[in-house]
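A note on names: the letters A, B, ... follow the listed sequences, proteins ahead of strands, and every chain is numbered from 1.
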Number of protein chains: 2
Amino acid sequence: MPKQIDHEKRREQIAQATWRVISERGMEGATVRNIAAEAGLSLGALRHYFSTQDELLAYSMKLVKERVTARIREILSLDLPPREKFIRTILELVPMNRENMVEMEVWFAFTAYFRHKPGRFDMQDDGVYLGLQKLMDYAEQNGLLPASIDKELETEKLYALVDGLALHAYMQPQRLDGPRLERVLIHHLSGLMAAEKQSDAPDRRS
Amino acid sequence: MPKQIDHEKRREQIAQATWRVISERGMEGATVRNIAAEAGLSLGALRHYFSTQDELLAYSMKLVKERVTARIREILSLDLPPREKFIRTILELVPMNRENMVEMEVWFAFTAYFRHKPGRFDMQDDGVYLGLQKLMDYAEQNGLLPASIDKELETEKLYALVDGLALHAYMQPQRLDGPRLERVLIHHLSGLMAAEKQSDAPDRRS
DNA sequence: CTTTTTACAATACATTTGTATTAAAAAAGG
DNA sequence: CCTTTTTTAATACAAATGTATTGTAAAAAG
C-alpha cells in the first residue's frame, strides 16, 4: 500500500483548506470539490477522510475551537502579573491578525450553517461567555476589580464588547484595525478596573 | 389581463417570504423554489417580479434596512426628553421581539452572502455606526454627556456593545432575553452619562 | 516474490438549483 | 365583443453538487 498516511494530520490539513475556502468564497463556495481542490486532493481522496460533507464541516469547526482555546490556555499558563494576564487574554479574543480573522470568519459561517440543520451535529458554543466569567473571577480574586461594580453585568458587557468589536473588525477592517481594537479594549478595561473616575487609565500619574 | 397587481407591494410580500425562509432554514434554504412556495407563488410568477435570485436577495436586504431605519426615525421624531430619546433609540438597535430578531438574522445572512459575490451588488452597510455618532453628538449637545469622556472611543464601545448584545441575543435567546438586554444597556448608558461614579444611574438620590 | 491492504483517482448518478421557454388564463382597453 | 396585455403556471435545460462505485497503483506484510 502507498506511504502510510497520518490520518489525523491529513484531516487537519483538509480542515485548514476548508477554512481557506470559506474565508475566500464564503459558505456558498465550501463545496466538497472546491475544498478537495484547495487541499490538492481528488474527490475520492477526500472521501477517504470524511465520508460526508457535514462531517468535514463539523470537524473543521471543532478544530477552530480547539486552536483558539489552545492559544488562550497558553496565555493563561504564562507567568505574568494578574493585570497583564487579564488584559492579554481578553485581547486574544479579538482578531488582531489575518489568521485570527479567518478563524472568526469561519466560526461565524459554521454557526450560521449548522443552526438550521435537521440532524443537528450539536450546536457548538464557543465557550467565550463561560471563559469570561472565570476570567472575571480571576480578576476579582486578584484585586483588580473594585467591589462597587456589578460583576455579572460587567461580564455580560465585556462579552458583548469583545464579540461586537470582533464582528466590526471583520466587517470594517480598514476602520477598526489592530491598534484601534487594542485602544478601545484597554480603555474599557481601564475604566472597569478604575471604579470611580472611569475617565482614563489608573496608573497614569506622570 | 388579470387583476392589475401593485408590483411594489408584491415585491415586498415576496421579500417578507424571503425573510421567513432565511429565518427558518438559513441561507442554504433560500432557494427560489422555497421562497416561491413560501410566498404562495409559482416559479414563473416569482420571476415576473425578480428576474434573478440575487436581485431578489438584494432587494430583500435593502427592505430590511429601510424598515429598521424607518422605525428609528419614528422614535427620533417623537417629542421626548433628550435622555429618553437617547436611550430608547439605542434600545431599538437590539432585538427585543421576534420581528426584530428575524430582521437581524437575515441581515447577518445577507451580509455574509453578498460578501463573497464577484459582481458585488454593493456591500451594504447598516449605517449604525454613523447613526450612533450622530446620536452621541445629540446627547452631547443636550448635556447628557460629561465633558470628561472620550466621545470617539465611547461611540466605538457603544457600537460594539449594541451589536455584540444583538448577536448574543440571537445566539443565546434563552439566556439573553429582552429584559436582560435592557438592563445591560441601561447600566452602560447610565455609567456613560454619570461621568465620575460609574457605579449606578445618576438621579438616584432618594 | 507474492499477496494484500491502503491511498487515491476517475467516473457515474441522481438531485437540486438558477434560469429560460412556452403556453394559457384572465381582465383591461377599444 | 374582441383584441391586447399582464399575470401565472408548467415544463425544460444545463450546470452544479453530494455521494457512490469502480479501478489502479503502490507499498506494507508475509
Once you round it to whole Å, what is the distance between [atom2] of [N] and [atom1] of [X]?
X: M27(A); N: dT17(D); atom1: CE; atom2: P; value: 14 Å
X: E55(B); N: dG18(C); atom1: CD; atom2: P; value: 14 Å
X: I35(A); N: dG18(D); atom1: CD1; atom2: C1'; value: 12 Å

> Between K62(A) and E66(A), is there a salt bridge with N-O shorter than 4.0 Å?
Replying inline: yes

> Taking side chain as C-beta onward, heavy atoms only, is E84(A) less than 4.5 Å from L78(A)?
Replying inline: no

>> Can you say whether a donor on the side chain of H48(B) sits under 3.5 Å from an acceptor on the base of dT8(D), or the other way round?
In response: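 Checked by distance alone, the answer is yes.
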
Taking only the side-chain nitrogens and oxygens of [X], find out if one of them lies under 4.0 Å from OP1 or OP2 of [N].
X: T52(A); N: dG18(D); value: no
X: Y49(B); N: dT8(D); value: yes
X: R10(B); N: dT8(D); value: yes

> Quick one: which of dC8(C), dT19(C), dT17(C) gets closest to the side chain of T31(B)?
Replying inline: dT17(C)

> Starting at the 5' end of DNA chain D, which residue's closest nucleotide do you reach first, N34(A) or S51(A)?
Replying inline: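 Mapping each residue to its closest nucleotide by heavy atoms, the 5'-most match is N34(A).
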
> E156(A) pairs by side-chain hydrogen bond (donor to acceptor under 3.5 Å, both in side chains) with which of H168(B), R180(B), H188(B), H187(B)?
Replying inline: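 So the option named by the test is R180(B).
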
